[in-house]
Engineer: 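Starting off with a structure, shown below.
Only this structure's heavy atoms are used, side chains among them; waters, hydrogens and symmetry mates stay out. Naming convention: chains lettered A, B, ... in sequence-line order (proteins, then strands); numbering from 1 in each chain.
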Protein chains: 4
Amino acid sequence: MEKLLDRNIPIYVQIMDAVKHSIVSGELKPGDRIPSVREMAATFGVNPNTVQRALLDLEREGLLETERAQGRYVAADQAAIEELRHAMAREAAESFAQEMKALGFSPEEFGDFLRGKGGE
Amino acid sequence: MEKLLDRNIPIYVQIMDAVKHSIVSGELKPGDRIPSVREMAATFGVNPNTVQRALLDLEREGLLETERAQGRYVAADQAAIEELRHAMAREAAESFAQEMKALGFSPEEFGDFLRGKGGE
Amino acid sequence: MEKLLDRNIPIYVQIMDAVKHSIVSGELKPGDRIPSVREMAATFGVNPNTVQRALLDLEREGLLETERAQGRYVAADQAAIEELRHAMAREAAESFAQEMKALGFSPEEFGDFLRGKGGE
Amino acid sequence: MEKLLDRNIPIYVQIMDAVKHSIVSGELKPGDRIPSVREMAATFGVNPNTVQRALLDLEREGLLETERAQGRYVAADQAAIEELRHAMAREAAESFAQEMKALGFSPEEFGDFLRGKGGE
DNA sequence: GTGGTCTAGACCACC
DNA sequence: GTGGTCTAGACCACA
């Protein structure tokens, strides 16, 4: 019998993920200014400090940069974004493969379930 | 900017999922007695009522059966379990495909990320 | 000597029955909003959770539908209601026949007792 | 929306009904000695006083008789029993007809639902 | 001991 | 205001 989900996935991690998706999807491009802390806090309905922490971490990862008194910009270049995109895909694939393995399916069978799942 | 994750997956749904995985993985076989409501409540650290609701729903799905004052048993036969296993796999594939699509990958590229992810 | 009557018909089952009768009798029509959980709880003098459970079960049976933060509505179409009406009649007939059999009457005699019982 | 069942149908009424069924079904015949109060109390798991009250009422109805220090006997003669049997059947028919009427069926349709319900 | 029901009361998201 | 979830704790029938 498996454990239950950890109900307390930190909000700031979720915010980091949301920003990453925005970047990777092209919604935010290199050099683009991202919404202000206050804006994002309002959007997500969370405390500005929480947003602040998420953005700081993203800066540490090199995805964002702060232009003193100007705002935050997407710092990653196209290559870095591409690498991020692939990293996120690898993670998704890892999760999927793990679940399928738990269900007793072999890698050869994965494709059977993905057939037709790519289109809308 | 995406929404934050819905971390409000009801506990009882998570419990249903845990039991399903136990059944599908063969940890629980047809006819096996499953842990009592109180036991599972203790294991998961939740209220017995929450477990009760999860198990009731699984009964409605035909996966479990209650033996008056004896306990609950796995009611699904091997065929039903096999169907459940496939349904769960389809769901996992759906999620994965959705995430990959959000990341801008085409179905043809899915396999590239799954190579080598099947083994341990 | 027979057992005593099972007066433990769960309240939530009785509530389900009351709602079914309201639907079948035309008091509630397809698309109609039904009273809120709290209202019905007050009407019946029971706990809202008990009503909640009854309505949830009716939803699972496809008779009701929930509109996010708006209320519950009768989801069954006229055909489904008609089917329900017949199912309830079959059940009533079953009970009646059982009682008559216990009293030692043959099906041929049933009609003798029903003469004149249909009108007001 | 109908009222809920009255949860407090007196136990002694239920006992009266059980005895009546025993008599009407022929399980207890005219002149038969019926079980002692203590026995019945044990059988039904109720207080002897409750049984006592039920039997007293049945005596008032002329169905039973007490033979001082001997026990209680079925006092009704075959004709009275036959009348009781019919009275109970009329009551059952009344209930059935009422339910069917509530479901919107006309007396002519009653038979359609009773067809085949008489046999085992 | 088992599951089944019910209550009371809380907090949440949505609108 | 609506429904949805969860907890805590009670009582019951069954064996």
Side-chain angles (χ1 to χ4, degrees), chain A residues 4-8 11 14 43-46, chain B residues 3-19 32-60 63-75, chain C residues 3-19 32-60 63-75, chain D residues 4-8 11 14 43-46:
Chain A
L4 297 189
L5 279 186
D6 186 2
R7 245 171 142 48
N8 296 324
I11 298 182
Q14 299 179 44
T43 301
F44 290 134
V46 302
Chain B
K3 292 260 173 196
L4 294 192
L5 274 188
D6 191 8
R7 269 305 143 193
N8 289 342
I9 300 180
I11 297 180
Y12 77 87
V13 173
Q14 298 181 43
I15 293 176
M16 290 177 68
D17 234 64
V19 175
D32 277 5
R33 186 177 173 285
I34 71 171
S36 81
V37 170
R38 290 159 176 83
E39 253 181 285
M40 289 184 57
T43 301
F44 289 135
V46 301
N47 189 284
N49 286 333
T50 306
V51 175
Q52 178 80 5
R53 159 139 198 207
L55 301 187
L56 244 182
D57 277 20
L58 288 173
E59 236 166 279
R60 288 210 190 77
L63 263 59
L64 301 179
E65 251 174 15
T66 296
E67 203 78 27
R68 183 68 151 164
Q70 298 295 331
R72 275 196 182 79
Y73 299 83
V74 177
Chain C
K3 293 261 172 193
L4 294 192
L5 275 188
D6 192 7
R7 270 305 142 190
N8 289 340
I9 299 181
I11 297 180
Y12 77 88
V13 173
Q14 298 180 45
I15 293 176
M16 290 177 67
D17 234 65
V19 175
D32 278 4
R33 187 178 173 285
I34 70 171
S36 80
V37 170
R38 290 159 175 85
E39 251 181 286
M40 290 184 56
T43 301
F44 289 135
V46 301
N47 189 284
N49 285 333
T50 306
V51 176
Q52 178 80 6
R53 159 140 196 206
L55 300 187
L56 244 182
D57 277 20
L58 289 172
E59 234 167 279
R60 288 208 191 79
L63 262 60
L64 302 179
E65 251 174 17
T66 296
E67 204 77 26
R68 184 64 148 169
Q70 298 295 330
R72 274 195 182 78
Y73 298 83
V74 177
Chain D
L4 297 190
L5 279 185
D6 186 2
R7 245 171 143 48
N8 296 324
I11 297 181
Q14 299 179 43
T43 301
F44 289 135
V46 301

Engineer: Just wondering, do C:L55 and C:I34 contact through their side chains at under 4.5 Å, heavy atoms?
Structural biologist: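 Yes, close enough: below the 4.5 Å cut-off.
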Engineer: So which of residues 65-74 of chain B are in contact with DNA chain E, with a heavy-atom cut-off of under 4.0 Å?
Structural biologist: B:T66, B:A69, B:G71, B:R72
Engineer: Within the structure provided, determine whether D:V46 and D:Q14 are in side-chain contact (heavy-atom separation under 4.5 Å).
Structural biologist: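 Of all side-chain heavy-atom pairs linking D:Q14 with D:V46, none is under 4.5 Å.
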Engineer: Give the rounded distance in Å between these two atoms: CZ of B:R38 and P of F:dT7.
Structural biologist: 16 Å
Engineer: Could you tell me how far apart C:I9 (CD1) and F:dC12 (C1') are, to the nearest whole angstrom?
Structural biologist: 16 Å
Engineer: Specify the residue among B:E39 and C:G45 whose closest nucleotide of DNA chain E lies further upstream toward the 5′ end.
Structural biologist: B:E39
Engineer: Report the C-alpha separation of C:I9 and C:D17 in whole Å, then their side-chain angles, then the decisive distance to 0.1 Å, and conclude whether the side-chain contact (heavy atoms from CB on, under 4.5 Å) test is met.
Structural biologist: CA-CA 11 Å; C:I9 299 181; C:D17 234 65; over 6 Å; no
Engineer: Return the set of residues passing salt bridge (charged side-chain N to carboxylate O under 4.0 Å, His left out) with B:E59 (not counting sequence neighbours), or none when no residue passes.
Structural biologist: B:R72
Engineer: Could you work out, with side chain to side chain contact (heavy atoms under 4.5 Å, CB included) as the rule, every residue matching C:A41, not counting sequence neighbours?
Structural biologist: C:P48, C:V51
Engineer: Sequence neighbours left out, what passes salt bridge (charged side-chain N to carboxylate O under 4.0 Å, His left out) with B:R33? Give chain and number order.
Structural biologist: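 Partners of B:R33 by the salt bridge (charged side-chain N to carboxylate O under 4.0 Å, His left out) criterion come out as none, since no residue qualifies.
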Engineer: Toss me the dot-bracket line for DNA chain E: Watson-Crick and G-U wobble, both under 3.5 Å, 5' to 3', using | for pairs to another strand and [ ] for crossers.
Structural biologist: ||||||||||||||.
Engineer: Whole Å only: how far is the CG atom of C:L64 from the P atom of F:dG3?
Structural biologist: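 Nearest whole value for this atom pair: 11 Å.
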Engineer: Kindly say if B:Y12 contacts the phosphate of F:dC6, meaning a side-chain N or O under 4.0 Å from OP1 or OP2.
Structural biologist: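 Answer no for this pair, as no side-chain N or O of B:Y12 is under 4.0 Å from OP1 or OP2.
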Engineer: Considering only heavy atoms, which members of residues 46-56 of chain C lie under 4.0 Å from some atom of DNA chain F?
Structural biologist: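 Those residues are C:N49, C:Q52.
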Engineer: Could you tell me which non-hydrogen atom of B:A54 sits nearest to which non-hydrogen atom of B:M16, and how far apart they are?
Structural biologist: O-CG, 3.6 Å
Engineer: Not counting sequence neighbours, which residues clear salt bridge (charged side-chain N to carboxylate O under 4.0 Å, His left out) with C:R60? List them please.
Structural biologist: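 By the salt bridge (charged side-chain N to carboxylate O under 4.0 Å, His left out) rule, C:R60 matches B:D57, C:D57.
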Engineer: Taking all non-hydrogen atoms of both residues into account, name the closest pair between C:F44 and C:A18 and its distance.
Structural biologist: CZ-CB, 4.1 Å
Engineer: Whole Å only: how far is the CD1 atom of B:I11 from the P atom of E:dC11?
Structural biologist: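 Going from B:I11 (CD1) to E:dC11 (P), I get 16 Å.
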Engineer: For B:N47, what residues pass the side chain to side chain contact (heavy atoms under 4.5 Å, CB included) criterion, not counting sequence neighbours?
Structural biologist: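 With neighbours one apart ignored, the set is B:N49, B:T50.
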Engineer: On a heavy-atom basis, which atom in B:M40 and which in B:P35 lie closest, and how many Å separate them?
Structural biologist: CG-CB, 3.6 Å
Engineer: What is the separation between atom CD1 on C:I34 and atom P on F:dG1, rounded to the nearest whole Å?
Structural biologist: 18 Å
